[in-house]
S.K.: 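Encoded as structure tokens, here's the structure I'll be asking about.
We count ligands from 1, going down the list as the structure has it; atoms in each ligand are counted the same way. Given the structure is predicted, the values throughout are model-derived calculations rather than measurements.
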Amino acid sequence: MPDAEGLKEAKQFYTDVPQKTEGFFLKGSNAYDWGMKNRLARIFNPETGRTVMLAFDHGYFQGPTTGLERIDISIMPLVPYADTLMLTRGILRTIIPPSVTKPIVVRASGGSSILKELSNEEIAVDIEDAIRLNVCAMAVQVFIGGEFEKQSIINMTRMVDLGTRYGIPTLAVTAVGKQMARDARYFRLATRICAELGAHYIKTYYVEDGFETVTAACPVPIVIAGGKKIPELDALKMAYNAVQQGASGVDMGRNIFQSEAPVAMIQAVRAVVHENETPEKAYELYQTLKNEMGK
Ligand code: R5P
């Protein structure tokens, strides 16, 4: 109990200073509740409005992907440079020490493998377990135009409902079937459907032609997946173009962990995303760091 006697009387209410009411920095996110915003503010840097998510959830449908055979060895050195980690709960519990305080985006859909039809997914994580794991968002794959399109959309809307109950955002991941054209028209359709149905942010792919129309037509933040491994300079160009054309960052996997020098590459990606560094300058940084590390 505080001492009730001898209290200092002079109180300062600053009656001439109106209380500040700040808007929230993130696109389309101002109407959410405090917990939801707080989690988004851990994923996206409030200074730049952008994020470098390190994606290494690939094993959930393709097993030990090249570069992810030993996550303890290949990914742990990258963790300090990532803003956010995207992974499965299995890897989180078995490999990532709980002392790591980076925000976690947990892969929350699954149920198919590379041996079968990929769009045949269900929600694969209980909301209670997501809370137990203290995650900042749950990622659900959405297959617009895919065989199990409706099922995957409903997975996402279920996750949005469950997450909203507890202030946990849903990341919709747009998956493109092999037979579909990866163009701006398709991604406008896919990202807009996800946003209209409640996704809090969306992962999609960068396209050379008209990507700015994809970000413009989507009322929530977009992050780009890196896709297949390409030369480092090309990956940096892709990340640069994406953020300059309205993306709120990257959710990059193979172009970082399959790079010749992953620790150098993630720092170069950070320079592009958070400092608007040109791809050429970021590539110079990559090479300098790579040489310093002797690999
Ligand atoms: C696919 O397994 C996941 O959605 C990945 O997180 C996503 O494709 C990003 O990884 P990458 O940059 O390797 O495409």
S.K.: V52 and D83: which non-hydrogen atoms are nearest, and at how many Å?
M.R.: N-OD2, 2.7 Å

S.K.: Quick one: are F143 and E117 in side-chain contact, heavy atoms under 4.5 Å?
M.R.: no

S.K.: Please tabulate, line by line, the atom pairs linking an N/O of ligand 1 to a protein N/O at a distance below 3.5 Å, with the distance in Å to 0.1, or answer 'none'.
M.R.:
{"from": "ligand 1", "atom 1": "4 (O)", "to": "R107", "atom 2": "NH2", "distance (Å)": "3.1"}
{"from": "ligand 1", "atom 1": "4 (O)", "to": "K203", "atom 2": "NZ", "distance (Å)": "3.2"}
{"from": "ligand 1", "atom 1": "6 (O)", "to": "D57", "atom 2": "OD1", "distance (Å)": "2.5"}
{"from": "ligand 1", "atom 1": "6 (O)", "to": "K203", "atom 2": "NZ", "distance (Å)": "2.7"}
{"from": "ligand 1", "atom 1": "10 (O)", "to": "H58", "atom 2": "NE2", "distance (Å)": "3.1"}
{"from": "ligand 1", "atom 1": "12 (O)", "to": "G226", "atom 2": "N", "distance (Å)": "2.9"}
{"from": "ligand 1", "atom 1": "12 (O)", "to": "G227", "atom 2": "N", "distance (Å)": "3.3"}
{"from": "ligand 1", "atom 1": "12 (O)", "to": "G253", "atom 2": "N", "distance (Å)": "2.8"}
{"from": "ligand 1", "atom 1": "13 (O)", "to": "H58", "atom 2": "NE2", "distance (Å)": "2.7"}
{"from": "ligand 1", "atom 1": "13 (O)", "to": "R254", "atom 2": "N", "distance (Å)": "2.9"}
{"from": "ligand 1", "atom 1": "13 (O)", "to": "R254", "atom 2": "NE", "distance (Å)": "2.7"}
{"from": "ligand 1", "atom 1": "14 (O)", "to": "G227", "atom 2": "N", "distance (Å)": "2.9"}
{"from": "ligand 1", "atom 1": "14 (O)", "to": "R254", "atom 2": "NH2", "distance (Å)": "2.8"}

S.K.: What about the rings of Y201 and F44, do their centers lie closer together than 6.0 Å?
M.R.: yes

S.K.: Indicate whether any N or O donor in one side chain lies under 3.5 Å from an N or O acceptor in the other, for T174 and T204.
M.R.: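 A donor-acceptor contact under 3.5 Å links the two side chains.
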
S.K.: Can you confirm whether the side chains of E147 and N120 place a donor and an acceptor under 3.5 Å from each other?
M.R.: no

S.K.: Show the numbers, then the answer: is there a salt bridge (charged side-chain N to carboxylate O under 4.0 Å, His left out) between D161 and R158?
M.R.: CA-CA 5 Å; D161 287 333; R158 283 265 309 136; 6.0 Å; no

